[in-house]
Amino acid sequence: MTALALAGDGNAARRRLPVATVGGVNVLAPAGTSPYFRLTWTQPDGTAGRTSGGRTLAGATAKAAEIAATLHRAAGGKAMTPLREIVADYLSSPLGRNQKTGGDWEGGQRTQTRTKLNRSLRGHEDRLAMEVDRQLLDMMRSQAGTRRTRKENATALRGLLRWGATQRYFTAEQAELLPPNVIDIVGNVMGTEAPRRRDRARRVGESEEYIGVEDAPDRAQIVEFGARFQTEFPLWGRLGVELAADAGPRWGEQFQLTAHDVVVKERPCKKGKPRKPKIHLRIDWQIDPDAKAGTDRRKWPKGNKRRKAGVSEISITGFALHTALLARRDAALREQAAGSNPEALLFPTHTGEMFFYTSFSNDYFAPAALAADWPHERWVRVADEWDKRANRWHRITQDRLQFDLTWHSLRHRYARTCVDI
């Protein structure tokens, strides 16, 4: 072998030796006619990693340091999983975001968490688990136009990180990157805060200056609202409103009630005189907001607490509740026998089915509340929304309507009545 050949082999060997090593990342000198430095390393899953380091040794060393920092965050082979796959695994897991209890997902929690994580991950879906640092998390959680939604993003990401650490996607250090009460980060996404429903006084006293408007409809508002609902639902409109204000079922509890949930308890005569029966509602279920049409749409009530809810004979507005409720129970059973109300629902849709909350609120509550002149406010929402096709944000303007009193405010009236009476 010639001396020239030996020299050539030596040069090739020297080119294969790194000119610098940064945290396990090798910086290789340019080879052949290429002017670029090369970077090589071993990925957490054992595969080879390589990329260009640029034309200068300083630039290549700086890039190697960034890669080394990323490798240092790797929890193992699963650290090379893209965030979109981790989120899919998280949402399909039986365990939810409550890392303190390790409990299962509850109700619409999974759906809500999916919405928040999808919002946070826009544009970052292909980033790897080991790339997650505080800077990336700040960019993701700031992808919301209001303080409230940014806080929701942070909560959802915190749950993902802590669950992901238990599954070896993230390290323990990564899992703690978003502590509770983390400072707010304002991003470039536009959003308009909704107006506050009511001012709340922090002080307490007996002077009139401490007395504000209640977060519940008064008698006149209940009567007027009930009359408007009766126009839309002649079979049960006024009864539905009065029962919500008297017995206090939540919306999802009330609108799944059937005739069989009305329990009449006869009372023995007192001193030879007959006594009127007691009536209560058996609240064993509520509508599952996460359920789809055509499936079983019931689940246990909030907190898995089944209960009885007493019903007054006469409501605070003077409405004959017992008489109306028993009449509606009997009518629902007749409708069931005729096939127009298969479940004997007390408060069915026009087609004899259970309501969905959004359509109920938009199509029936809002028009009735406006007609009854319940306090409300109109405002303009200016916000950025994500365009999936264009893969970018775009500005929108919407006219919005917000009520100071909602259907749930009828339950507040029930609570106020319990306190007063």
Side-chain angles (χ1 to χ4, degrees), residues 90-117 152 155-156 159 162-163 216 236 239-265 278-312 321 325 328-329 332-333 335-336 341-349 351-361 364-365 406-415 417-418:
Y90 177 45
L91 295 173
S92 65
S93 167
L95 297 182
R97 63 179 172 84
N98 190 339
Q99 297 303 309
K100 291 183 179 179
T101 66
D104 295 344
W105 295 100
E106 296 183 4
Q109 184 190 50
R110 192 194 306 266
T111 299
Q112 295 171 7
T113 303
R114 177 181 290 108
T115 298
K116 296 166 188 175
L117 287 175
E152 290 177 352
T155 299
R162 295 185 177 181
W163 173 87
W236 56 262
L239 170 63
V241 173
E242 293 281 355
L243 188 67
D246 182 85
R250 297 178 179 88
W251 182 90
E253 296 168 345
Q254 179 169 350
F255 285 92
Q256 61 80 40
L257 290 172
T258 72
H260 307 289
D261 295 318
V262 180
V263 180
V264 180
K265 185 176 181 181
K278 286 187 175 182
I279 297 179
H280 71 260
L281 299 175
R282 188 177 60 193
I283 300 181
D284 292 340
W285 308 99
Q286 71 172 2
I287 296 174
D288 184 353
D290 204 28
K292 307 299 181 184
T295 64
D296 181 7
R297 294 187 54 211
R298 285 182 173 88
K299 68 167 192 172
W300 283 7
K302 184 176 180 180
N304 298 336
K305 296 178 181 178
R306 299 179 175 183
R307 68 184 191 280
K308 298 176 182 178
V311 180
S312 303
L321 259 178
L325 183 58
R328 177 60 202 146
R329 179 195 64 172
L333 291 172
E335 293 162 7
Q336 184 183 43
N341 184 0
E343 293 190 77
L345 294 169
L346 293 178
F347 309 108
T349 66
T351 57
E353 300 173 347
M354 279 195 292
F355 285 95
F356 284 90
Y357 181 79
T358 300
S359 59
F360 175 89
S361 181
Y364 304 112
F365 168 79
T406 65
W407 182 275
H408 190 78
S409 299
L410 294 168
R411 177 171 165 82
H412 292 182
R413 172 50 54 199
Y414 153 76
T417 302
C418 289

Salt bridge check, Glu242 against Arg413: does any charged N sit closer than 4.0 Å to a carboxylate O? no
Residue pair Gln286, Trp251: steps toward the side chain to side chain contact (heavy atoms under 4.5 Å, CB included) verdict: CA-CA 8 Å; Gln286 71 172 2; Trp251 182 90; over 6 Å; no
Does Tyr364, at its OH atom, have more than 12 non-hydrogen atoms belonging to other residues, nucleotides or ligands within less than 6.0 Å? yes
For the pair Asp288 (side chain) and Lys299 (backbone), establish whether a donor and an acceptor sit closer than 3.5 Å, ignoring hydrogens and angles. no
Please determine whether side chain to side chain contact (heavy atoms under 4.5 Å, CB included) holds for the pair Arg329 and Val264, giving the CA-CA distance in whole Å, both sets of side-chain angles, and the decisive distance to 0.1 Å. CA-CA 11 Å; Arg329 179 195 64 172; Val264 180; 3.6 Å; yes
Do Arg282 and Asp261 sit within salt-bridge range, that is, some charged N less than 4.0 Å from a carboxylate O? yes
Can you find a pair of side-chain heavy atoms, one from Thr155 and one from Lys116, that are under 4.5 Å apart? no
Would you call Glu253 and Arg307 a salt bridge, taking side-chain N to carboxylate O under 4.0 Å as the test? yes
I want to know whether Phe255 and Trp407 have ring centres closer than 6.0 Å. yes
To the nearest 0.5 Å, atom CZ of Arg328 lies from atom CG of Leu239 at 8.5 Å
Phe347 and Trp236 aromatic ring geometry - parallel, tilted or perpendicular at 30°/60° bounds: perpendicular
Can you tell me how far the CG atom of Leu257 sits from the CG atom of Leu345, to the nearest 0.5 Å? 9.0 Å
Nearest-0.5 Å distance that lies between atom CD in Glu343 and atom CD in Gln336: 8.5 Å
